[in-house]
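Let me begin by presenting the structure, written as structure tokens, before commenting on it.
So you know, we letter chains A, B, ... as the sequences are listed, proteins then strands, and number each from 1.
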Amino acid sequence: MTKPHAHRPSTDFETRVYRIVSAIPAGRVMTYGQVAARIGRPAAARAVGQALHRNPDPPRIPCHRVVDARGGLSQSFAFGGKTAQARLLRAEGVRIRAGRVYPSSPR
DNA sequence: ACGTTGACGTACC
DNA sequence: AGGTACGCCAACG
């Protein structure tokens, strides 16, 4: 049974993105580019962002731990933008400053 | 099937 | 240092 009726037509790409992001431990962050590179598509950082935007299971997929190359938080983060994301990260011990995680934040 | 969109990245001014 | 321009990739209408 290959997918009876998936209401979520996740593609392989998305599946891999979610899988990698789900594995990011609390207190640590990864960049879109790193996730993309890990999938084998180093230039697909933008697509990674798209996939996270379509995050099917927010509570299960800690997408707040993904930031851009400069450590910048997501402006369009679900419900609250950077504020909400910053709050989640701070709760895990990640230092945020001016909407960005510190340069030396564990990756 | 094509064009547009978007939670990126890097180079350049 | 900050802002602009262009390139990349996958999903969607």
I want to verify a distance call: between C/dA11, B/dA7, B/dG6, whose nearest atom is closest to the A/Gln50 side chain?
B/dG6
Could you state the atom-to-atom distance from [atom1] of [X] to [atom2] of [N] in whole Å?
{"X": "A/Phe13", "N": "B/dC8", "atom1": "CZ", "atom2": "C1'", "result": "11 Å"}
{"X": "A/Leu89", "N": "B/dA7", "atom1": "CG", "atom2": "P", "result": "18 Å"}
{"X": "A/Leu73", "N": "B/dC8", "atom1": "CG", "atom2": "P", "result": "12 Å"}
{"X": "A/Asp12", "N": "C/dC9", "atom1": "CG", "atom2": "P", "result": "17 Å"}
{"X": "A/Ile24", "N": "B/dA7", "atom1": "CD1", "atom2": "C1'", "result": "13 Å"}
{"X": "A/Glu14", "N": "B/dA7", "atom1": "CD", "atom2": "P", "result": "14 Å"}
{"X": "A/Tyr18", "N": "B/dA7", "atom1": "OH", "atom2": "C1'", "result": "12 Å"}

Taking both distances under 3.5 Å as the test for a Watson-Crick or G-U pair, what stems of at least three pairs does DNA chain B have?
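If one scans DNA chain B for consecutive Watson-Crick or G-U pairs, the stems found are B:2-6 with C:9-13, B:8-13 with C:2-7.
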Determine, using the 4.5 Å side-chain heavy-atom cutoff (strictly less than), whether [X] and [Y] are members of one ILVMFWY cluster.
{"X": "A/Val66", "Y": "A/Val29", "value": "no"}
{"X": "A/Met30", "Y": "A/Ile61", "value": "yes"}
{"X": "A/Phe77", "Y": "A/Ile24", "value": "no"}
{"X": "A/Val21", "Y": "A/Val67", "value": "no"}

So, does A/Ser74 get its side chain near the phosphate of B/dA7, meaning an N or O under 4.0 Å from OP1 or OP2?
no
Are any of A/Arg41's side-chain N or O atoms less than 4.0 Å away from OP1 or OP2 of C/dC8?
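Answer no for this pair, as no side-chain N or O of A/Arg41 is under 4.0 Å from OP1 or OP2.
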Contacts of type side-chain hydrogen bond (donor to acceptor under 3.5 Å, both in side chains), residue A/Arg41, not counting sequence neighbours:
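Checked A/Arg41 against side-chain hydrogen bond (donor to acceptor under 3.5 Å, both in side chains); zero matches.
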Identify each atom pair where a protein N or O and an N or O of nucleotides 9-13 of chain B are less than 3.5 Å apart, giving names and distance.
residue, atom, partner, partner atom, Å
B/dG9, OP1, A/Gly33, N, 3.1
B/dG9, OP1, A/Ala69, N, 3.4
B/dG9, OP2, A/Ala69, N, 2.5

Could you pull out the closest heavy-atom pair between A/Leu52 and A/Tyr32, with the gap in Å?
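Reported closest heavy-atom pair: CD1-CE2, 3.9 Å.
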Only one of A/Val101, A/Leu89, A/Val94 clears side-chain contact (heavy atoms from CB on, under 4.5 Å) with A/Arg65; which?
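Passing option: A/Leu89.
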Check: A/Arg16 and A/Arg38 side chains under 4.5 Å, non-hydrogen atoms
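Answer no - side chains too far apart.
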Donor-acceptor pair, distance only, cut-off 3.5 Å: does the side chain of A/Tyr18 make one with the backbone of A/Ala51?
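Yes; at least one donor-acceptor contact below 3.5 Å.
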